[in-house]
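This report refers to the structure that appears directly beneath it.
Predicted, not measured: the structure shown is a model, and the values here were computed from it. Here is how names work: the chains are called A, B, and so on, in the same order as the sequence lines, proteins then strands, and each is numbered from 1. The basis for the numbers below is simple: all heavy atoms, side chains too, and nothing from hydrogens, waters or symmetry mates.
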Number of protein chains: 2
Amino acid sequence: MLQTRRFTDRSALSMPTTPTKPRPARKAVVPAAEGTRRHRQIADKRAAILGAALGLFSRFGLHGTTIDQVAAAADVSKTNLFYYFANKEALYVAVLRDLLDVWLEPLRAFAADQDPHEALAGYIRSKLAFSRDRPEASRLFCLEVIQGAPLLRDELANALRALVDEKAGVIRTWVDGGRLAPVDPHHLVFALWAVTQHYADFATQVELLTGRTLADPDFFEETVANVQRIVLQGAEPRA
Amino acid sequence: MLQTRRFTDRSALSMPTTPTKPRPARKAVVPAAEGTRRHRQIADKRAAILGAALGLFSRFGLHGTTIDQVAAAADVSKTNLFYYFANKEALYVAVLRDLLDVWLEPLRAFAADQDPHEALAGYIRSKLAFSRDRPEASRLFCLEVIQGAPLLRDELANALRALVDEKAGVIRTWVDGGRLAPVDPHHLVFALWAVTQHYADFATQVELLTGRTLADPDFFEETVANVQRIVLQGAEPRA
DNA sequence: GTCTATAAACAGATAGAC
DNA sequence: GTCTATCTGTTTATAGAC
C-alpha cells in the first residue's frame, strides 16, 4: 500500500479531488508571450483545449474524462496538449477559473438604486439565458460544488462571499424599505440560483418530463415567465 | 486503437457513462437466499457495501471512486466485494436503484383532496428534511442527472414521468379551482425540487456563504420558513 | 512546437486455494 | 464465502528526436 511516488507541487488552491491519489507533475509550462504576433496561435490553441475540456469535464467529470478524449476533441495530440498544460489537474483548474468569472457576472449587475422588481426579473432572465447558452458551464460548476469544491473553495470563500454579502446588503435595503417581502437575503439568492440553474443542471430531466428544452424559444419564454411569477408573486393566489 | 475486449452484457438500462470505455463483465452473482437464517449476514454485508458506495460515489462520482476505496470503507476485501456485485457498474446501478425509490417518496404524498397550501408547505418541509438527512442521496442523484442520466434514463422517462404527470394533474386542479395562482404545474414542481435540493447539492456553497448547515436546527427552520414564503407568497410585498 | 515511442503504475477483474 | 496472487488493458505522463 505504500506510495513511492513523488508529490506534485499542487500549487495554491489545489486539494485532492479524490481520497488519496497523487499523480506526478512536471515543470510549469504555458509559454505565453509578447503583445501580438503569431503567439495568437498559441492563445487560440489554449482556448480550443479549454473549450474541449469544458465540454467533456462537464459531462463526465474530471475522472470520467481522459486526456486522450480532450486532445481528440480539441484536435491536438496528447503530447502537444501537455505542452500547454502541465497535467490533467492543471487543465481542470484552468477551466474552472475561466468559468467562475463568467458564472458570477449576472450577479454583479444588481444595484440598490434599481427597482427591486426589475432587478429580480432581469436577473432571472439573464441567469436562465445563461442556463440556455452555457449549460456546460453551469453543470461543471455544479459538479465541482457537489464534490465539496476542492478546487474552488478559496475563491468561493473569498471573492464569491464578498460579492454575495454585498448583494445581500442591497436586498436588505429593499426589504427594510418595504419594497420586498421580509425574506432573508441569502435564502432569496439561493432560491434564484437554484431555480435558474436547475434548467441547465437538470436539463436531461426537464426534457424527459416536458419534452422540451430552453433552446426552444417558446419554452424559454414560458420558463422565464413562470420562474419570475413563482419567485416574485408566489404560487398562491393573490388576495 | 482497436478494441479486442469482450463486451459486457450490460443488462437492461445500462448505457455508457463515458464516451467509449467498455469493461469486461462476469457471471451474475448475488447469491441471495431463503427466508431467514444466517443469510441475514449476506444482506447486511450487501447493505454495508451499498452504504459505503453511496458515500463515495456521491462525493467523487463513479469514475472518481475506486473499488478499493469502497471495499475499504465497507470493511470487506476487494475480492469479496466482487462476490456480491458482478462489477463496478453493477454496484453503481444497485446504489442508484435504491436511491430513486426513496428520492421519489415525498412526491407520492401529494393528493388533490389536500389543501394546496398545506400540501406545498409540507412538501417543502419534507424535501428539506431529506436534504438534511440524506444529502449524499440527493447529490448522487444530481450527479447522475447532470451527466445525462445514462443509467436512470429509462426510469425517469417511465416511473418518474408517470408520477409527475399525475401530480401535475393535481396541481392543475388546484389552479383551475382558483386555489393556486396560474402557474404551469411542471415549472412549479421544478421550482420545488430546485430550491429544496439546492441545500443538499450546494451544501458546501451554502455553508461557505452563511457559515451554517441544515444540521443546525435553527438554520433548518429558518430555511423552511424562507423557502415556503418565497415559493408560496413570493418575494414581493403583498398589496 | 510537435511528434514517436515508451515508461510507470494504477484499477478492474479473475483464478484457484481454503 | 473469503483470501492471496496475479493478469489485463488503460491512462497519465515523459524522454528525446525533429
Worksheet item: Just to confirm, is there a sub-4.0 Å distance from OP1 or OP2 of dC3(D) to any side-chain nitrogen or oxygen of Tyr83(B)?
Response: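 No, outside the criterion.
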
In terms of side-chain heavy atoms of [X], which of [options] is nearest?
{"X": "Asn87(B)", "options": "dG12(C), dA13(D), dA13(C)", "answer": "dA13(C)"}
{"X": "Ile67(B)", "options": "dG12(C), dG1(D), dT11(D)", "answer": "dG12(C)"}
{"X": "Lys45(B)", "options": "dT2(D), dG12(C), dT2(C)", "answer": "dT2(D)"}
{"X": "Tyr84(A)", "options": "dT12(D), dG1(D), dG1(C)", "answer": "dG1(C)"}

Response to the item:
Test side chain to side chain contact (heavy atoms under 4.5 Å, CB included), reference Thr204(A), set Arg153(B), Gln147(B), Glu144(B), output is Arg153(B)

Just how far, in rounded Å, is [atom2] of [N] from [atom1] of [X]?
{"X": "Gln69(A)", "N": "dT10(D)", "atom1": "CD", "atom2": "P", "result": "12 Å"}
{"X": "Lys88(B)", "N": "dC10(C)", "atom1": "NZ", "atom2": "C1'", "result": "12 Å"}
{"X": "Leu81(B)", "N": "dA13(C)", "atom1": "CG", "atom2": "C1'", "result": "11 Å"}
{"X": "Glu89(A)", "N": "dT11(D)", "atom1": "CD", "atom2": "C1'", "result": "15 Å"}
{"X": "His63(B)", "N": "dT11(D)", "atom1": "NE2", "atom2": "P", "result": "10 Å"}
{"X": "Phe82(A)", "N": "dC3(C)", "atom1": "CZ", "atom2": "C1'", "result": "15 Å"}
{"X": "Tyr92(B)", "N": "dA13(C)", "atom1": "OH", "atom2": "P", "result": "15 Å"}
{"X": "Leu91(B)", "N": "dA13(C)", "atom1": "CG", "atom2": "P", "result": "10 Å"}

Distance-only check: which donor-acceptor pairs under 3.5 Å involve side-chain atoms of residues 130-138 of chain B, not counting sequence neighbours?
| from | atom 1 | to | atom 2 | distance (Å) |
| --- | --- | --- | --- | --- |
| Ser131(B) | OG | Lys127(B) | O | 3.4 |
| Ser131(B) | OG | Thr196(B) | O | 2.8 |
| Ser138(B) | OG | Asp201(B) | OD1 | 2.9 |

Item to complete: Could you pull out all residues at least two apart from Asp75(B) that satisfy salt bridge (Lys or Arg N to Asp or Glu O under 4.0 Å)?
Response: none

Worksheet entry | Side chain proximity check, Phe190(A) to Val206(B), heavy atoms < 4.5 angstrom |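 Yes, close enough: below the 4.5 Å cut-off.
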
Fill in: Check: Leu50(A) and Leu54(A) side chains under 4.5 Å, non-hydrogen atoms
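With C-beta onward as the side chain, the pair stays apart.
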
Practice prompt. Look at the aromatic rings of His198(A) and Trp193(B) and report parallel, tilted or perpendicular, splitting at 30° and 60°.
Written response: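 Rings of His198(A) and Trp193(B): tilted, as their planes differ by 30° to 60°.
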
Worksheet item: With a 4.0 Å cut-off, would you call Arg125(A) and Glu221(A) a salt bridge?
Response: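 The answer is yes: the pair qualifies as a salt bridge.
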
Practice prompt. Output the residues of residues 72-80 of chain B in contact with DNA chain C, where contact means a heavy atom of the residue under 4.0 Å from an atom of the strand; sort by number or write none.
Written response: Lys78(B), Thr79(B)

